[in-house]
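Residues take their numbers from the sequence shown, with the count starting at 1. Atoms within each ligand, like the ligands themselves, are counted from 1 in listed order.
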Amino acid sequence: MLHSSYIELNKSALINNVHFIKTLLPSTTQLSAVVKGNAYGHGIESYIPIAEEAGINHFSVYKIDEALRVFKTLKNKATILIMGFIDLDEMTWAIENEIEFFVYDDLRLLKSIEIAKKIGKKAIVHLEIETGLNRTGYQHKNINRLSTIIEDNKKFLNVKGICSHLAGAESISNYLRIKNQISSFYKSVKAFEKKGISFEQKHLACSAAIINYPKTKLDLVRVGIMQYGLWSSKETLMCYSSKYKATTDPLKRVISWKSKIANIKEVKSREFVGYGTTFMAEGSMKIALIPVGYSDGYSRSLSNQGRVLVNGVRASVVGIINMNSIMIDITLIPDVKIGDEVVLIGNQDEMDVSIASFSELSNLLNYELLTRIPSEIPRYIKE
Ligand SMILES: *Cc1c(COP(=O)(O)O)cnc(C)c1O
C-alpha cells in the first residue's frame with residue numbers, strides 16, 4: 001500500500017442504483033450522470049468505466065478540465081455536458097469534440113458562434129434560463145433577442161437544450177420557491193416556442209427533484225448524489241418511501257474508504273492522548289494509530305467524535321485529528337494487530353459507518369464530505 005488509505009468502488013452497487021433510478025424515469029427521459037467534483041470524490045477515471053458498464057452514456061460536469069478527463073477515459077461513445085464554467089480559450093476544444101455546454105451569457109453565446117464559424121462545426125449548446133436560483137442563467141426579458149440570434153445563426157449553433165437548476169429541491173421549506181421556478185421555466189419555454197424555437201431537450205431535475213417534483217422529469221435528468229447510493233436529504237428518502245410505499249432503502253453506497261492500523265500503544269490512566277488536553281485516559285487504555293488525517297479529507301471536526309471499524313467493531317476517535325493521523329480507542333477490541341484493516345466509511349461484517357452518520361457528526365453534507373476526499377488516494381473497483 002503506497003498510500004496510507006484507499007477507496008473501494010462497488011460496481012454492483014452502482015449497477016443497482018442506476019437500475020433503480022431508471023425505474024423512476026419515463027422511458028423518454030434520458031439519464032445524465034453528474035460527475036463534477038471528481039465524480040463526487042469517487043474519482044473520475046475510476047468511476048467512468050464502471051458507470052459505462054452500468055449503462056450510462058451521458059455525463060455532466062461543471063468545468064472543462066473535468067470534461068477533458070471524462071473524454072479521455074470514455075471507452076464508448078457518450079455525451080459530455082458542461083453545466084458551468086467554460087473559459088473562452090477552451091471553447092474551441094469543446095466544439096471540435098462535440099462537447100455540449102450551458103450558455104448563460106452573450107459573451108459565451110457569441111464566442112461559440114464565432115468559433116463554430118471558424119472551424120466549420122456547430123456548437124451544441126443548452127440555454128440556461130434564470131428561474132430563481134440567481135446564480136447563472138438568461139433572464140426572461142432576453143428571449144426575443146436570443147430568438148433572433150438563434151434564428152440568424154442556425155448554421156453554426158445547435159441549441160439542443162433549454163434548462164435551469166432548482167434552488168434546493170431536497171428541502172420541503174423551499175417548496176414554494178421551487179414551484180415558482182418550475183412555472184417560470186415553462187413560461188420561458190413557451191415564449192421561445194411562440195418565436196418558433198423548440199428544443200430537443202428540456203431539463204430541470206437533479207436527484208431530489210425526480211422524487212419530490214416528478215413533473216420535472218422531462219427529456220433529461222441530471223442525477224448526481226443518488227447514483228452514488230446516497231439521498232440528497234432525509235426528507236427526500238422519506239418522500240420516496242411514502243410515495244412508493246417502500247420499506248427498505250433501494251440505494252446502495254458505492255464508496256468505501258479503508259486504511260490500516262499503523263501503530264498500537266498502551267496509555268496509562270490519567271495521561272492525555274494527542275495534542276493538548278482534549279482527551280484524558282480514564283483507565284489504562286490501548287490506542288491505535290491510523291495514518292489518515294485532515295489532509296486526507298478526514299474532517300478535524302471529528303476530533304473525539306468520529307467512529308471507525310476494526311475487526312467488525314466500532315471504535316472511537318480519541319483526541320484531535322492530526323494532519324496525517326488519528327488515534328482510536330481499541331481497549332475493548334481483542335486481537336487488534338498492526339496492519340489490520342480499518343474502515344473509515346463502509347462496512348465490516350454487519351457493522352457500518354455511513355457517510356450520513358459521519359457527515360452529521362462533522363456538520364458536513366454528504367456532498368462536501370465526499371468531494372473533500374483527495375484525488376491522490378488510490379481507487380479500486382470491487383466487482
Ligand atoms: C450538481 C448538479 C446537479 C446534480 O445534483 P444532485 O443533487 O447531486 O443530483 C444537477 N444539475 C446541476 C446544474 C448541478 O450543478
Should Glu98 and Lys121 count as an ion pair when the cut-off is N to O under 4.0 Å? yes
Measure from the ring center of Tyr294 to the ring center of Tyr298 and say whether it is less than 6.0 Å. no
List by chain and number: which residues place a heavy atom under 4.0 Å from ligand 1? Val34, Lys36, Tyr40, Met83, Arg135, His165, Cys206, Ser207, Arg222, Val223, Gly224, Ile225, Tyr367
For Tyr47 and Tyr228, take the angle between the two ring planes, folded into 0 to 90°, and tell me which bin it lands in: parallel under 30, tilted 30 to 60, perpendicular over 60. tilted
Are the side chain of Thr278 and the backbone of Gly319 linked by a donor-acceptor contact shorter than 3.5 Å? no
Under a 4.0 Å threshold between the charged nitrogen and the carboxylate oxygen, would Glu341 count as salt-bridged to Lys260? no
Would Lys117 pass as a cation-pi partner of Phe156, given that its NZ or CZ must be under 6.0 Å from the six-membered ring centre and within 45 degrees of the axis? yes
